[in-house]
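Step one of this worksheet: look at the structure below.
In each ligand, atom 1 is the first atom listed, and ligand 1 is the first ligand listed.
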Amino acid sequence: MKLLITGGAGFIGSNFIHYILKKYPDYQIINLDALTYAGNLENLKDIENDSRYKFVKGDICDKALVNNLVKDVDVIVNFAAESHVDRSILDAENFIRTNVLGTYNLLETAKNNGNKRFHHISTDEVFGHLEPNDPPFNESTPYSPRSPYSASKASSDHLVRAYFNTYKLPITISNCSNNYGPYMFPEKLIPLFITNLMEGRKVPVYGDGMNVRDWLYVEDHCEAIDSIIQKGKIGETYCIGGNSEKPNIEITKKIIELMGKSEDSIEYVKDRPGHDRRYAIDFSKIKNELGWEPKVSFEEGLRKTIDWYKTNESWWKNIKSGDYQKYYEQNYSNR
Ligand code: NAD
Ligand code: TYD
């Protein structure tokens, strides 16, 4: 099986590439990634000379390039996206370009190359947000995105479904809750707080710290995606969650405790505009139909994540200094 992974130099994509190469010795992977600020080839350093793996620097909006790559693969797994809500609030243009137009280009190319199998990675944020006592999101929750990021992801989901209904493109979609784990860019809550504490800095909690997210260890997400690609029903959507709803302040205090720091590090800052209050996911469909459920508890996953950031200090220090962006020129320029 030959997979085209888009956005494989990012957080979840790079974890997924490691997961697949480890699990399936005879699979081949092409990783198409534009290397935006979020793409980091150091995430894939250990497999860059593996004969089953090839990296292509490029944009999912590039029609000719995508067409050349799609011709030769069996499955496309689309991770590529602008993914950070705060950035989408400052400037949404790249979110519309990559998340909407880029997904459209991939779908169109998949259709024009014999209707290739297409799995689209999406988020629970397309469903909007919940009040404290609302039931969790599931596959039939109406879409109600509230940030430019989630609106762009919702648009891409609609396009993916439209290509199934209109052209019978063999698609599946997964809507997942917040991930955490190795290789997560230190602009998101958990890695930002771990690395700030390691640097002796404060951790900025937005608003009252009572916004709730459902957290899933990234390896569990990779396993869920794999089970959808292998056994998922064409045309269907699967919600993926961690069974681990927590307010931000509880996570903040847990990280502080596990790292042996003081709660004086907490700094309450101005709230995010339109800050979604709560996300929660009912993942009974994927559990009942495909036999997937999360394996890693939040406490275990958080410990593993803190350990990973402690043993990989140069990885995140290179990001904070900007040096990681030189990796491509230094290591790929004469390939
Ligand atoms: P990320 O920001 O870490 O990585 C995104 C990757 O896409 C980067 O390597 C970047 O260089 C690449 N990219 C961006 N624009 C591109 C373009 N035009 N062409 C080619 N490559 C491009 O994101 P992530 O956290 O790994 O998320 C991956 C996917 O999972 C996204 O679609 C996101 O919406 C979804 N998701 C993320 C989470 C989460 O908690 N991080 C939760 C649910 C769903
Ligand atoms: P984030 O990791 O950005 O993911 P998302 O917005 O996609 O859920 O944020 C997770 C939660 O943490 C969210 O409620 C916003 C909050 N947050 C902070 O309180 N401080 C921060 O510095 C960041 C980045 C996030």
Side-chain angles (χ1 to χ4, degrees), residues 5-16 31-41 43-44 56-62 65-66 77-89 94-95 97-103 105-106 120-126 129 147 149-150 152-154 156-157 173-181 183-193 196 202-216 218 221-222 225 239-242 246-249 251-252 266-272 274-279 281 325 328:
I5 309 279
T6 70
F11 162 48
I12 308 175
S14 61
N15 275 283
F16 187 70
N31 172 17
L32 171 63
D33 196 297
L35 299 183
T36 67
Y37 81 93
N40 185 356
L41 287 176
N43 300 4
L44 299 153
V56 177
K57 183 174 190 285
D59 193 326
I60 58 168
C61 299
D62 180 335
L65 173 65
V66 168
V77 191
N78 182 28
F79 291 90
E82 287 295 334
S83 69
H84 192 42
V85 174
D86 292 325
R87 286 183 190 254
S88 82
I89 293 168
N94 281 338
F95 288 74
R97 194 180 158 277
T98 290
N99 301 1
V100 185
L101 295 176
T103 303
N105 187 40
L106 291 171
H120 181 62
I121 309 294
S122 192
T123 166
D124 59 357
E125 302 188 28
V126 297
H129 71 164
S147 73
Y149 163 66
S150 53
S152 68
K153 291 297 289 185
S156 66
D157 291 11
I173 298 176
S174 48
N175 294 92
C176 188
S177 60
N178 286 56
N179 284 217
Y180 67 103
Y183 303 116
M184 190 170 199
F185 200 88
E187 65 182 349
K188 306 248 165 80
L189 179 81
I190 289 181
L192 179 73
F193 284 17
N196 273 12
K202 296 221 178 235
V203 294
V205 173
Y206 296 165
D208 62 3
M210 288 308 291
N211 299 69
V212 172
R213 299 290 182 266
D214 169 46
W215 294 92
L216 179 71
V218 63
H221 187 189
C222 294
I225 297 165
C239 282
I240 304 171
K246 308 214 175 291
N248 296 334
I249 192 64
I251 292 179
T252 307
I266 297 172
E267 182 176 34
Y268 287 93
V269 299
K270 194 165 162 275
D271 209 356
R272 173 187 279 174
H275 197 172
D276 286 347
R277 198 62 177 163
R278 173 180 164 237
Y279 308 140
I281 283 261
Q325 287 178 315
Y328 180 76

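A donor-acceptor pair under 3.5 Å links the side-chain atoms of Asp33 to the main chain of Ala9, judged by distance alone. Side chain of Asn99 to backbone of Ala81: no donor-acceptor contact under 3.5 angstrom is found. A donor-acceptor pair under 3.5 Å is absent between the side-chain atoms of Lys202 and the main chain of Tyr268, judged by distance alone. Distance alone, capped at 3.5 Å, is enough to place a donor-acceptor pair between the Asn175 side chain and the Thr123 backbone.
In terms of polar-atom proximity, defined here as any N/O pair under 3.5 Å, Asn178 makes no such contact with ligand 1. Considering backbone and side-chain atoms together, Asn40 places no N or O closer than 3.5 Å to any N or O of ligand 1. The shortest N/O to N/O separation between Gly10 and ligand 1 falls below 3.5 Å. Remark: ligand 1 and Met184 share no N or O pair separated by less than 3.5 Å (distance only, no angle test). The shortest N or O to N or O distance between Asp59 and ligand 1 is below 3.5 Å.
Scanning the protein heavy atoms around atom 43 (C) of ligand 1, the nearest turns out to be Cys176 O, 3.3 Å. Looking at atom 10 (C) of ligand 1, its nearest protein heavy atom turns out to be Thr36 OG1, 3.3 Å. Nearest to atom 37 (C) of ligand 1 among the protein's heavy atoms is Ile12 CD1, 3.4 Å. In terms of protein heavy-atom proximity, atom 3 (O) of ligand 1 is nearest to Phe11 N, 3.0 Å.
Glu82 and Tyr149 form no side-chain donor-acceptor contact under 3.5 Å, judged by distance and modelled atom types alone. No side-chain donor from either of Asn179 and Asn15 sits under 3.5 Å from a side-chain acceptor of the other. Side chains of Asn78 and Thr6: a donor on one and an acceptor on the other come within 3.5 Å. Checking Thr103 against His120 by side-chain atom types alone, no donor-acceptor pair falls below 3.5 Å. Using modelled atom types and a 3.5 Å distance limit, the side chains of Tyr206 and Asp86 yield a donor-acceptor pair.
Across all non-hydrogen atoms, the minimal contact from Leu32 to Asp59 is CD1-N, 4.3 Å. Closest approach of Ile251 to Leu189, counting heavy atoms only: CG2-CD2, 4.3 Å. Looking at every heavy atom in both residues, Gly8 comes nearest to Leu44 through O-CD1, 3.4 Å. Between Asp124 and Ile281 the shortest heavy-atom distance is CB-CD1, 3.6 Å.
Of all the listed residues (Gly8, Ala80, Gly39), Ala80 holds the heavy atom that lies closest to atom 22 (C) of ligand 1. One option in Ala81, Ser83, Ala34 has a heavy atom closer to atom 5 (C) of ligand 1 than any other, and that option is Ala81. When the heavy-atom distances from atom 35 (C) of ligand 1 to Ile121, Leu41, Ile60, Asp33 are ranked, the shortest goes to Ile121.
Contact atoms of ligand 1 toward Phe79: 28 (C), 29 (C), 31 (C), 32 (O) (distance under 4.0 Å to a heavy atom of the residue). Short contacts between ligand 1 and Tyr149, defined as distances under 4.0 Å to a heavy atom of the residue, involve ligand atoms 33 (C), 34 (O). For ligand 1, the atoms lying closer than 4.0 Å to a non-hydrogen atom of Leu35 are 11 (O). Atoms of ligand 1 lying under 4.0 Å from at least one heavy atom of Ser122, given by number and element, are 43 (C), 44 (C). With ligand atoms numbered from 1 in the order given, ligand 1 contributes 39 (C), 40 (O), 42 (C) to contacts under 4.0 Å with heavy atoms of Asn179.
Every heavy atom of Phe185 sits 4.0 Å or more from the atoms of ligand 1. At a 4.0 Å cut-off, at least one heavy atom of Ser177 sits close enough to ligand 1 to count as contact. Within the 4.0 Å heavy-atom shell around ligand 1 one does not find Tyr180. A heavy-atom separation below 4.0 Å is found between Gly58 and ligand 1. The closest approach between any non-hydrogen atom of Gly102 and ligand 1 is not below 4.0 Å.
Taking the centre and axis of the six-membered ring of Tyr180, the NZ or CZ atom of Arg213 falls outside the cone set by 45° and 6.0 Å.
For a heavy-atom separation below 4.0 Å, the residues in contact with ligand 2 are His84, Val85, Glu125, Asn178, Glu187, Lys188, Leu189, Leu192, Phe193, Pro204, Val205, Tyr206, Asn211, Arg213, Asn248, Arg272, His275, Tyr279.
Residue contacts with ligand 1, taken as heavy atom pairs separated by less than 4.0 Å, involve Lys153 solely via side-chain atoms from C-beta onward.
Annotation: side chain of Leu192 is not in contact with side chain of Val203 (no heavy-atom distance under 4.5 Å).
Between Phe79 and Phe16, the angle of the ring planes lies from 30° to 60°, which puts this pair in the tilted group.
With sequence neighbours excluded, the residues satisfying side chain to side chain contact (heavy atoms under 4.5 Å, CB included) with Val212 are Glu245, Pro247, Arg278.
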